[in-house]
Amino acid sequence: MIRKKKSKKVIETQHVFTENNQVFIKNESSYKKSTRTVWSPIPFKWVSIAKVQETLVLK
């Protein structure tokens with residue numbers, strides 16, 4: 001009998017940081033063996049938990 005290995009689920013993540021209310025994401029090219037890390041700003045809007053709860057629709 002041949003047993004198949006169970007595949008593990010992988011969580012995909014990205015490196016981010018914030019500075020002066022701007023969110024930056026690490027460019028994928030920076031993951032390779034490069035001596036220079038490149039960060040790019042991304043559009044991101046902070047939303048309060050209260051605002052999120054207001055928009056939730058419970059069924």
Side-chain angles (χ1 to χ4, degrees):
M1 177 168 54
I2 299 173
R3 298 177 93 182
K4 292 183 180 179
K5 291 183 180 180
K6 292 183 179 180
S7 62
K8 295 181 180 180
K9 292 183 180 179
V10 177
I11 298 173
E12 293 185 28
T13 61
Q14 294 183 324
H15 294 88
V16 297
F17 81 94
T18 62
E19 184 175 81
N20 298 327
N21 289 325
Q22 175 66 60
V23 178
F24 294 84
I25 190 166
K26 188 175 185 180
N27 289 353
E28 288 185 28
S29 61
S30 297
Y31 293 115
K32 297 181 177 132
K33 295 182 180 180
S34 174
T35 57
R36 189 171 146 236
T37 301
V38 179
W39 294 89
S40 299
I42 60 171
F44 185 86
K45 182 178 178 184
W46 295 103
V47 179
S48 71
I49 296 295
K51 186 70 171 174
V52 172
Q53 290 176 336
E54 288 175 9
T55 60
L56 291 176
V57 177
L58 300 176
K59 292 185 179 183

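Note that the numbering runs from 1 along the sequence shown for the chain.
- Partners of Lys45 by side-chain contact (heavy atoms from CB on, under 4.5 Å), not counting sequence neighbours: none found.
- Of all heavy-atom pairs between Gln22 and Ile42, the closest is NE2-O, 2.9 Å.
- Between Thr37 and Lys26, the closest heavy-atom pair is CG2-CE, 3.6 Å.
- Qualifying side chain to side chain donor-acceptor pair (under 3.5 Å) partners for Ser40, counting only residues two or more places apart in sequence or in other chains: Asn27.
- Partners of Val47 under the side-chain contact (heavy atoms from CB on, under 4.5 Å) rule, at least two apart in sequence or in another chain, are Lys51, Val52.
- Partners of Pro43 under the side-chain contact (heavy atoms from CB on, under 4.5 Å) rule, at least two apart in sequence or in another chain, do not exist in this structure.
- Between Trp39 and Phe17, the two ring planes are perpendicular [angle over 60°; tilted spans 30° to 60°].
- Remark: Thr18 engages Val23, Trp46 in a side-chain contact (heavy atoms from CB on, under 4.5 Å) (not counting sequence neighbours).
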